[in-house]
Number of protein chains: 2
Amino acid sequence: MVETVTKKELIFIEAAKLFQSKGYAATSIRELADQVGLKPSSFYSHIKGKEEILEIICKKASALFAEGLENVLNNHDKPIKQLEAIIDLHIDVAFGNPSAITVFNDEWRHLSGEALAEFRRSRKSYQDGVIKIIKEAKAKGQVKDLDATIVFNLIIGGSRWLHFISKPSESMVSKIRGQLKQLFFDGMRE
Amino acid sequence: MVETVTKKELIFIEAAKLFQSKGYAATSIRELADQVGLKPSSFYSHIKGKEEILEIICKKASALFAEGLENVLNNHDKPIKQLEAIIDLHIDVAFGNPSAITVFNDEWRHLSGEALAEFRRSRKSYQDGVIKIIKEAKAKGQVKDLDATIVFNLIIGGSRWLHFISKPSESMVSKIRGQLKQLFFDGMRE
DNA sequence: CATATATTTACGAACGATCATTCGTACCTA
DNA sequence: TAGGTACGAATGATCGTTCGTAAATATATG
């Protein structure tokens, strides 16, 4: 066993890519199977159905943010530092796990039943966590008196395009990181 | 003829709503016909095919931004004022034509051939126009020395969630407008 | 170590469902 | 009478998925 990635994991990796570029609904099992090097029928030796793939990917993406938030809270005391770490988290996910961004933002709506409900809960819980940080920073007088939901959505939306950058160099990432933080914290006005 | 909206226009209106909530690929002609009060076959008395609907909607959405940019340039001299007007434009479109935002951001990728090429040109032209404003503002020392593309994408992405607000009151819209501008221009730091 | 057995993985063929679309025809209106 | 609008029925294509079966792999037994 030389391969460190099982075929099932490979399915999720390739599926995430396709879902990102074409969308869940427009991606067929046949196309996906082809990408993995399997016949469509062989697919069902590994997964229960198409939606299971989306479920797993969505779960991974929301776990990424949930764990990220947890780390932020463990590693920083001051809310303003936590806020900065949250921005870092979004940038890290966008560059390190590009397809997670798309799925987290757009494709989850193709879930159904309990998987959809659970994703919504998880997303809401993340949002609440970040909003709590914003409110604490506000209470300490470190950020302006702004609606926390608006600030949250600006951070979410403001890092929603980064995954379009194909092969960002290390220096480019750090430049974007710096400028985005500057924008979020101090705006563009000179 | 009491109706001021032709059936063909109604098709585009309902289609835009469905594309926004379910996505283009996941929206069937049957469903769309049902929403308009027609049988699927009757649909083709009005339109050439499914993709034509997306084409028209995408064209309208990009025209919205193109005309908006033109107005901004005609009505304001100083780049910093133009920039503010651009932000207003995005907020106006998000609230006044919610489905245009989704289509402009996401669904256009389902276009093909010349329609896709033309949309890309139009989008690029809008982006170039806004970036030019940002650079002029920078040259005048009115905004920080930031990468114009980053600023542009933050504005685009930062107003990409507004259409989720279902029935915003007038006061809510103006509150969001004020806070978003404050964020874009001066950031969240107190 | 070799052999038999069980389990997993892969496949071709086919299923029913649904897809966008076409066609011939009827209706409605000008 | 003519042109637009609507419809039922049917088309071929593609969808996700199932099924029986064969190959490959792992496990157990001699």
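Predicted, not measured: the structure shown is a model, and the values here were computed from it. All chains are named by letter (A, B, ...) in the order of the sequence lines, taking the proteins before the strands, and each is independently numbered beginning at 1.
- Regarding B/Tyr44, its OH atom lies at a distance of 13 Å from the C1' atom of D/dT11, rounded to whole Å.
- No N or O donor and acceptor, one from the side chain of A/Ser41 and one from the base of C/dA10, sit under 3.5 Å apart.
- In this structure, B/His46 atom NE2 and D/dT5 atom C1' are separated by 6 Å, rounded to whole Å.
- The phosphate of C/dT9 (OP1 or OP2) has no side-chain N or O of A/Ser42 nearer than 4.0 angstrom.
- Between the CZ atom of B/Arg30 and the C1' atom of D/dT14 there is a distance of 12 Å, rounded to whole Å.
- The distance from atom CG of B/Leu38 to atom P of C/dA20 is 15 Å, rounded to the nearest whole Å.
- Atom CG of B/Leu18 and atom P of C/dC19 are 13 Å apart (whole Å).
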Table please: side-chain donor-acceptor pairs of residues 127-138 of chain B below 3.5 Å, with sequence neighbours left out.
unit_1   : atom_1 : unit_2   : atom_2 : d
B/Asp128 : OD1    : B/Lys124 : NZ     : 3.1
B/Asp128 : OD2    : B/Lys124 : NZ     : 3.0
B/Lys138 : NZ     : B/Leu146 : O      : 2.8

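- Comparing D/dT5, D/dT17, C/dG12 by their closest approach to the side chain of B/Ser45 singles out D/dT5.
- In this structure, B/Lys48 does not reach the C/dA20 phosphate: none of its side-chain N or O atoms is under 4.0 Å from OP1 or OP2.
- The side chain of A/Lys50 contributes an N or O atom lying less than 4.0 Å from OP1 or OP2 of D/dG16.
- If you measure from atom OH of A/Tyr24 to atom P of D/dC15, you get 13 Å, rounded to the nearest angstrom.
- Rounded to a whole Å, the NZ atom of B/Lys8 is 9 Å from the P atom of D/dT5.
- The CD atom of A/Glu31 sits 12 Å away from the P atom of D/dT14 (whole-angstrom rounding).
- In this structure, B/Lys17 forms no cation-pi arrangement with B/Phe12, as its terminal cationic atom is not both closer than 6.0 Å to the ring centre and no more than 45° off the ring axis.
- Looking only at atom types and distance, the side chain of A/Thr102 has no donor-acceptor partner in the side chain of A/Glu107 under 3.5 Å away.
- When each of A/Leu83, A/Ile80, A/Leu183 is checked for a side-chain contact (heavy atoms from CB on, under 4.5 Å) with B/Met188, only A/Leu83 meets the rule.
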